[in-house]
Amino acid sequence: MVDIFESLNSINTRLLGQDIAVLHCHETLAAFKMKLKRWHAKLEKGNSAPFTTAKCTH
């Protein structure tokens, strides 16, 4: 969860910048949605490598 929130905070910081175009905001959010889908697919396969702070519980 920490890794996801770090990514969200990074996106939030970028989107709060001055003179940010709507297209840039859309592209940033679309890229993050794609990243979430990749993370989800990897987690379904048991791969937690994208999450550097994740602990293995099994």
Side-chain angles (χ1 to χ4, degrees):
M1 288 290 286
V2 171
D3 297 302
I4 293 172
F5 283 109
E6 285 176 353
S7 292
L8 284 171
N9 286 334
S10 174
I11 289 170
N12 187 41
T13 301
R14 280 185 266 155
L15 296 178
L16 290 175
Q18 292 182 347
D19 300 324
I20 301 297
V22 172
L23 182 58
H24 175 74
C25 292
H26 182 269
E27 290 173 349
T28 299
L29 292 173
F32 183 69
K33 285 171 60 176
M34 287 178 18
K35 183 183 276 189
L36 283 175
K37 287 178 184 179
R38 285 194 310 270
W39 284 347
H40 184 259
K42 288 182 180 186
L43 286 174
E44 282 187 325
K45 294 178 183 177
N47 180 0
S48 63
F51 301 99
T52 56
T53 59
K55 293 182 182 177
C56 184
T57 58
H58 40 266

- So if you build clusters from Ile, Leu, Val, Met, Phe, Trp, Tyr with side-chain heavy-atom gaps below 4.5 Å, do Val22 and Leu16 land together? no

- When rounded to the nearest 0.5 angstrom, what is the spacing between CG in Leu8 and CG in Asn12? 8.5 Å

- Message: For Leu15, give me all partners under side chain to side chain contact (heavy atoms under 4.5 Å, CB included), at least two apart in sequence or on another chain.
- Response: Ile11, Cys25, Thr28, Leu29

- Query: So how far is it from Lys45 NZ to Leu43 CG, rounded to the nearest 0.5 Å?
  - Reply: 11.5 Å

- Single-linkage hydrophobic cluster, 4.5 Å side-chain cutoff, Trp39 and Phe5 together: yes

- Task: Kindly write out the residues that satisfy side chain to side chain donor-acceptor pair (under 3.5 Å) with Ser7, not counting sequence neighbours, or none if the list is empty.
- Result: none

- Query: Same cluster or not: are Phe32 and Ile20 linked, directly or through other Ile, Leu, Val, Met, Phe, Trp or Tyr residues, by side-chain heavy atoms under 4.5 angstrom apart?
  - Reply: no

